[in-house]
Amino acid sequence: IKTLLVLTKEKSPLQDCSNMGYITLPRRLFLWCMALIYMFAFFSLYLQIPGLYGNDGLLPARWQLRYSGKAFLEQLLSTPTLLWLGPHLGLDTQTAMELLCLLGAALSLAATLLESLRDSLVFLFLWVLYLSLCQVGQVFLYFQWDSLLLETGFLCVLIAPLTTVPGWRAGRVHDPVTFWLARWLLFRLMFASGVVKLTSRCPTWWGLTALTYHYETQCIPTPLAWFAHQLPVWLHKLSVVATFVIEIAVPFLFFSPLRRLRLGAFYMQVLLQVLIILSGNYNFFNLLTLTLCLSLLDDQHIYFWLRRKYIHTPNKGFLVELAVWTLIGYGTVTCFDLQIDWDKGTVSSRTGRCVLCFSWSLWLLLWLLVFSAFTFHQFNQFLKTVTFPAVWLGVLSLTWELVTAMFRCACVQGFFRRFLGTVQWTVFGAAAVSMFAISLVPFTYIEYDSNASLWPGLRQGYDAVGRYQLVNSYGLFRRMTGVGGRPEVVIEGSMDRVTWTEIEFMYKPGNLSATPAVITPHQPRLDWQMWFAALGVHSHSPWFTSLMHRLLQGKTEVIELIQSDMSKYPFHQQPPMYLRAHRYKYWFTEKLRWWRRVYVEEFYPTVHLGDAFLESMLSHHGLKEKSSPRRLSETALVQLVRWVRAQVNGLSAPLLLWSLLFCSASICLLRGLQFEVTLKTKPSEPTTLPHPQEDKQTMSQVCYTNPRARKPESTCQLIY
């Protein structure tokens, strides 16, 4: 943060006329974090492309692109992906995907190092690259965080400055408007994630026992998950209560006009995300959620973090803030019937009026006294009542941002600058209203009647842009799986059908004594799909048949998805003659031996190359080779892509991502320190803006000043 503060070259925008204050530093930090997350996403996917989408991969991407002789524009409209350009460049689909990943990774890495590259056009290019990959990604790119990255990435196009157009960067009065969209996305994400836990009718969420299973049944737990699993049941129940509060009640505070309420909501969201990161490997998802939380901050609070001097605005509404937190606290105790047993040192709780009371306490209604407990039907009635008020809350908040931005346009001196600011306000305001309007369609999916009563034009607009994933619906941890034990699929290989050897994955649980891995922000997409496959039968996961087939063939690209170090793969010298898969149930042990398991059933029968069952499943799922791969031309571009691939083969993906993070952060820090030393060595006259209560007349004439001179740099701020 300090580096971003020192390296800033952009003049500060006018102060927001609302209580939000300056949002220059949160916006800049938001863009830096998004560049970093893009880098994680591209590099992580790049390392897995040959095994997932290569010509010998599990689901070859070339099967998704049928070159039927149509015009390029027509192909692009049917499937919006830059991979259509592959044949024109002499590239097959796999090489084209690798090239797009390398371009995205390199550009996002450069954007983390250079502020000038955190530009609207750069983020547009990054978004197009990731969208192009998702179009052919099939089941391995169907995760909610991929959709969230695309939606947030498109918002970056509106939030980032357009430095390539002269004069367009100055006087960005619309910044609070576009940055507000990130806050609205955060609200939709958190509120929907809390609501779906109850609409799913999952007994563990309704019984407040979900976290007694979560730590051991999540996809890839961390070592700390074992320790969290050992906590007493009453603490797990309190944690579920806190989760409901943070995900359902607190998001309404995102739109509070009182600054400290927003800051309180920010820290509660950060607490939840950090605890999830510590206990589970969810790639870049929680980092992306934390990045969205930056939309709740202002410059004043970041200066507080840095212990820098700042003109503090008077804090108003203390009694209102106290009343809100008191209502939330009282609602938590009352609605969940929290009771303390001082003799046993435990806390008991049960599901009661929780959600009903939390949200309406924010609306200052008296529903707190209506029900002593709520049923599923009553909860649905609550959703019908609260969904549209939540929409109107968003409408009022966005309208406030638009009106204050328009007022700031009128405060700009000079006809040309005022005209340019008005054009910007019109363009970006219309874009913000459009994004908000079409987002109402996926947001109201949480309640059928509210969604059905939307204006049909909104649904038509949403359908028109649906293929670009500009807005999406969310709902995390809808149901708690593995209540009776964590299901795991274990693949075994044999050369003689007598002696069987288990094939261990790098990250997912398998070996009972293996320490759980820490791999954030990397996402091993095959390991994640193995977790989903274990929840059902193999026919629900067609790619699993392809996995068995490729392992029997001994395809190196697929084996590297299981073990990047080939020497640790038990059949690295010769492919197995036979393969089978069994389903086990895993539990954390009470002592630090990590896992114990019990055999359940056969998941996939014993097969070999040419086996009738294997061939029939390949034909049934359409996994048989339909045509030979496109022949590669030996161009310089192809050779470059191959050379890069040769350099990264065998590398540990988490280690590579951590190294990139450390190097980029170190370079930014060194540049910031060097720039700060340069400023200190030059003579400068310190400048301090007057306190509003001390000199209102001066405040009405002086806007911002250059930190190295007293001469005003921007237009007057006519707040007083």
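Worth saying up front: this structure is predicted, and the values here are computed from it rather than measured.
- Two residues are said to be in side-chain contact when any heavy atoms from C-beta on lie closer than 4.5 Å; Glu447 and Asp449 meet this criterion.
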### Message
As a quick check of understanding, evaluate salt bridge (charged side-chain N to carboxylate O under 4.0 Å, His left out) for Lys585 and Glu488, giving each step before the final call.
### Response
CA-CA 6 Å; Lys585 284 194 174 181; Glu488 277 293 342; over 6 Å; no
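- Here Glu502 pairs with Arg597 in a salt bridge; the nearest charged N to carboxylate O distance falls below 4.0 Å.
- The shortest distance between side-chain heavy atoms of Leu393 and Pro389 does not fall below 4.5 Å.
- Proximity of Pro516 to Ile220: side-chain heavy atoms (C-beta onward) are nowhere separated by under 4.5 Å.
- The ring of His621 has its center no closer than 6.0 angstrom to the ring center of Phe544.
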### salt bridge (charged side-chain N to carboxylate O under 4.0 Å, His left out) assessment of Arg596 paired with Glu590
CA-CA 10 Å; Arg596 62 183 178 90; Glu590 294 183 1; over 6 Å; no
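- The aromatic rings of Tyr584 and Tyr586 sit perpendicular to each other, their planes meeting at more than 60°, with 30° as the lower class boundary.
- Between the side chains of Trp594 and Ser513, not a single donor N or O lies within less than 3.5 Å of an accepting N or O.
- Relative ring orientation between Phe443 and Phe187 is described as tilted, the plane-to-plane angle lying within the 30° to 60° band.
- For the ring pair (Phe, Tyr, Trp, His ring centres under 6.0 Å) criterion with Trp528, the lone passing option out of Tyr142, Trp145, Trp543, Phe505 is Trp145.
- Ring centroids of Phe254 and Phe266 are separated by 6.0 Å or more, keeping the two rings apart.
- Between His540 and Phe532, the ring center distance fails the sub-6.0 Å criterion.
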### Task
Take Glu601 and Arg583 through the salt bridge (charged side-chain N to carboxylate O under 4.0 Å, His left out) test and state the conclusion after the steps.
CA-CA 5 Å; Glu601 61 185 350; Arg583 195 198 318 265; 2.9 Å; yes
### Task
Give the intermediate values and the outcome of salt bridge (charged side-chain N to carboxylate O under 4.0 Å, His left out) for residues Lys197 and Glu247.
CA-CA 10 Å; Lys197 292 177 174 60; Glu247 291 186 344; 3.0 Å; yes
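- A ring pair (Phe, Tyr, Trp, His ring centres under 6.0 Å) with Phe477 is found for one member of Tyr213, Tyr282, Trp205 and no other, namely Tyr282.
- Comment: Glu216 does not engage Arg486 in a salt bridge, judged by the lack of any side-chain N to carboxylate O separation of less than 4.0 angstrom.
- Aromatic ring orientation, Phe42 versus Tyr38: parallel (interplanar angle below 30°, classes split at 30° and 60°).
- Checked against the 6.0 Å centroid threshold, Phe285 and Phe143 do not count as a close aromatic pair.
- Taking 4.5 Å as the limit, every side-chain heavy atom of Phe255 sits out of range of all side-chain heavy atoms of Arg262.
- Donor-acceptor pairing under 3.5 Å is lacking for the side chains of Thr589 and Trp595.
- Not less than 6.0 angstrom separates the ring centroid of Phe227 from the ring centroid of Tyr215.
- Using cut-offs of 30° and 60° on the angle between ring planes, the pair His236 and His229 is tilted.
- When ring centroids are compared, His538 and Tyr604 come within the 6.0 Å threshold.
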